[in-house]
Amino acid sequence: MVERAQANAPIQAIDIPNWCFSLPEDEYRACSPDHIAAGFTTALDGRRMSIHVAAAGKTLLVHHYVETVHRSDRLILKSVSEMFTPSGRTTIDTEWDLSVTVVDNRRCEFTNRLRSRATDDFLAYLAREGISFDQIRSQQQLWCTAHNTARTPSLAASIERAALINGILNK
């Protein structure tokens, strides 16, 4: 799912990776009522990792987002995300793609794209639970779409604040 929102900041002041890996937990939580916690560490190979905890109904999601593309105007994070459901634990592949494009010399369009793919572990979990892939896919799409739609303007505003602070500090 893809959502877009405006960020009232010049593209030169935006640094999405810097924003992501310095986002205060309170600000992350303020972007969505589903957001529970956030933190930062590194993967075994030294790449930066952003850890996000969110609720999806009765399921707790723990994302271990590792940066795979990191430019000031774009950040792609990949995670083998853990899902803690009422009937057990499983995993799902998640990709979070954040980018900005120029609207004019004072504004950008923020794009927030979230993709998920079933892992073998997830497919085995569904088989054990007697749940069809199509049924769970439609449920997950509904939740992901609602979640992404609701949080995208708040994420854009957070990136905007960070860019404006960065612009003021770098003058």
Side-chain angles (χ1 to χ4, degrees), residues 1-9 11 14-40 48-86 90-103 107-119 121-123 125-126 131 133-163:
M1 45 255 32
V2 178
E3 294 296 327
R4 291 181 173 80
Q6 185 171 294
N8 294 309
I11 198 163
I14 293 177
D15 186 335
I16 296 174
N18 186 52
W19 164 81
C20 179
F21 293 103
S22 63
L23 180 65
E25 183 177 56
D26 286 345
E27 192 159 345
Y28 167 77
R29 292 177 68 188
C31 288
S32 171
D34 298 328
H35 290 176
I36 297 169
F40 313 97
R48 293 181 292 186
M49 179 189 297
S50 182
I51 300 171
H52 296 186
V53 180
K58 295 180 180 180
T59 298
L60 185 68
L61 301 165
V62 180
H63 304 286
H64 302 92
Y65 286 120
V66 177
E67 61 184 341
T68 59
V69 172
H70 51 270
R71 302 187 320 246
S72 61
D73 66 337
R74 188 167 190 200
L75 176 64
I76 298 176
L77 302 161
K78 293 192 178 184
S79 172
V80 176
S81 300
E82 297 172 273
M83 298 174 68
F84 295 87
T85 75
T90 187
T91 60
I92 192 164
D93 282 330
T94 308
E95 181 182 274
W96 191 21
D97 186 344
L98 308 150
S99 63
V100 288
T101 55
V102 173
V103 172
R107 296 178 300 151
C108 293
E109 181 178 68
F110 169 63
T111 301
N112 181 20
R113 177 175 286 131
L114 192 61
R115 296 181 187 111
S116 61
R117 293 177 185 85
T119 60
D121 182 50
F122 186 69
L123 294 173
Y125 167 81
L126 293 178
I131 301 170
F133 181 76
D134 289 338
Q135 178 186 1
I136 199 74
R137 180 177 53 195
S138 65
Q139 289 174 356
Q140 281 190 327
Q141 281 183 325
L142 286 173
W143 179 84
C144 285
T145 298
H147 178 72
N148 227 27
T149 299
R151 75 180 180 160
T152 296
S154 298
L155 293 172
S158 178
I159 290 169
E160 176 184 310
R161 280 190 295 280

Between [X] and [Y], is there a donor-acceptor pair closer than 3.5 Å when you use the side chain of the first and the backbone of the second?
{"X": "S138", "Y": "Q135", "value": "yes"}
{"X": "E160", "Y": "N8", "value": "yes"}
{"X": "S158", "Y": "S154", "value": "no"}
{"X": "E95", "Y": "K78", "value": "no"}
{"X": "S79", "Y": "H64", "value": "yes"}
{"X": "T119", "Y": "D93", "value": "no"}

Q: Measure the spacing between CG of L77 and CE of M49 and express it to the nearest 0.5 Å.
A: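 That separation rounds to 10.5 Å.
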Give the minimum heavy-atom separation between [X] and [Y], together with the two atoms involved.
{"X": "N148", "Y": "T152", "value": "O-OG1, 2.6 Å"}
{"X": "I14", "Y": "A9", "value": "CD1-O, 4.2 Å"}
{"X": "C20", "Y": "F40", "value": "O-CE2, 2.9 Å"}

Q. Applying the side-chain contact (heavy atoms from CB on, under 4.5 Å) test to E82, which of T90, V62, D121 qualifies?
A.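 When T90, V62, D121 are each tested with E82, the side-chain contact (heavy atoms from CB on, under 4.5 Å) holds only for V62.
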(Q) Could you check whether W96 and H52 have their ring centres less than 6.0 Å apart? (A)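 Yes - the distance between ring centres of H52 and W96 falls below the 6.0 Å cut-off.
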